Amino acid sequence: MNTTQTSKTRTVATVLGTSNADVYTVPANYKTDVISICVSNTVSALRTFSLDWYESTTATWHTIAEAVELDGNSLLQIENLLFLGQGDKLRALASAASSVSLLLRVDEYFNPTQIS
């Protein structure tokens, strides 16, 4: 059995709704670097978005962004944001459904000997 740590880069995309929804969860036996978060407003009207991080080791939600305004047809990019442990989550919502998209680029590191 190979016990060396391996990694992969993933892109995760979702269109936000008006209720908090999980957009990414770190799988068991993984740790993740969140390399980039892009949030885009795909309509001409002003929209807001909120983004939270769930820290599984403390069972605590942390606010990353709260009601951040996005001008019409605009894009916000955040780089080198977080290092997440297994079970950690990101969740998000927007002020209007189907008009704000969220795109994550993550590096996932697998370690089969990591205790869940």
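Note that the coordinates shown come from a computational prediction; the quantities given were computed from them, not determined experimentally. Atom set for the values below is all heavy atoms of this structure, side chains included, hydrogens, waters and symmetry mates excluded.
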Search all heavy atoms of [X] against all heavy atoms of [Y] and return the closest pair with its distance.
| X | Y | value |
| --- | --- | --- |
| Val15 | Ser101 | CG2-OG, 3.9 Å |
| Ala92 | Leu51 | CB-CD1, 4.0 Å |
| Ala45 | Asn41 | O-ND2, 2.8 Å |
| Ala67 | Ser50 | N-OG, 2.9 Å |
| Lys89 | Thr25 | CG-OG1, 3.5 Å |
| Gly87 | Tyr54 | O-CD2, 4.0 Å |

- Message: Before you tell me yes or no, could you show the steps for Val12 and Val23 under side chain to side chain contact (heavy atoms under 4.5 Å, CB included), namely the whole-Å CA-CA distance, both residues' side-chain angles and the distance that decides it to 0.1 Å?
- Response: CA-CA 8 Å; Val12 179; Val23 294; 5.8 Å; no
- Apply side chain to side chain contact (heavy atoms under 4.5 Å, CB included) to Lys31 and Asn29, showing your working. CA-CA 7 Å; Lys31 292 189 177 192; Asn29 299 105; over 6 Å; no
- Message: Determine whether Ser36 and Gln77 satisfy the following criterion, side-chain hydrogen bond (donor to acceptor under 3.5 Å, both in side chains), listing intermediate values before the conclusion.
- Response: CA-CA 7 Å; Ser36 176; Gln77 183 168 358; 3.0 Å; yes
- Passes side chain to side chain contact (heavy atoms under 4.5 Å, CB included), Leu82 versus Ile64? Steps please. CA-CA 10 Å; Leu82 293 169; Ile64 297 171; 3.7 Å; yes
Out of curiosity, [X] [atom1] to [Y] [atom2], how far, rounded to the nearest 0.5 Å?
| X | Y | atom1 | atom2 | answer |
| --- | --- | --- | --- | --- |
| Thr32 | Phe83 | OG1 | CZ | 7.5 Å |
| Ile35 | Ile78 | CD1 | CD1 | 13.5 Å |
| Leu70 | Arg47 | CG | CZ | 10.5 Å |
| Leu16 | Thr14 | CG | OG1 | 6.0 Å |

- Task: Decide whether Leu90 and Val68 are clustered together by the hydrophobic rule: side chain heavy atoms of Ile, Leu, Val, Met, Phe, Trp, Tyr closer than 4.5 Å, transitively.
- Result: yes
- Task: Using the rule that two of Ile, Leu, Val, Met, Phe, Trp, Tyr join whenever any of their side-chain heavy atoms come within less than 4.5 Å, decide whether Val39 and Leu93 are in one cluster.
- Result: no
- side chain to side chain contact (heavy atoms under 4.5 Å, CB included) partner of Ile37, the single match among Leu103, Leu102, Val106: Leu102
- Query: Any side-chain donor paired with an acceptor under 3.5 Å for Ser56 and Asp88?
  - Reply: yes
Are [X] and [Y] close enough that some pair of their side-chain heavy atoms sits under 4.5 Å apart?
| X | Y | value |
| --- | --- | --- |
| Tyr30 | Leu84 | no |
| Leu104 | Thr11 | no |
| Arg105 | Thr9 | yes |
| Leu75 | Cys38 | yes |

- Does Ser99 offer a backbone N or O that forms a donor-acceptor pair with the side chain of Thr42 under 3.5 Å? yes
- Note on the structure: Arg91 meets the salt bridge (Lys or Arg N to Asp or Glu O under 4.0 Å) criterion, sequence neighbours left out, with Asp52
- Query: Does the side chain to side chain contact (heavy atoms under 4.5 Å, CB included) test come out yes or no for Trp53 and Leu81, once each step is laid out?
  - Reply: CA-CA 11 Å; Trp53 159 44; Leu81 182 65; over 6 Å; no
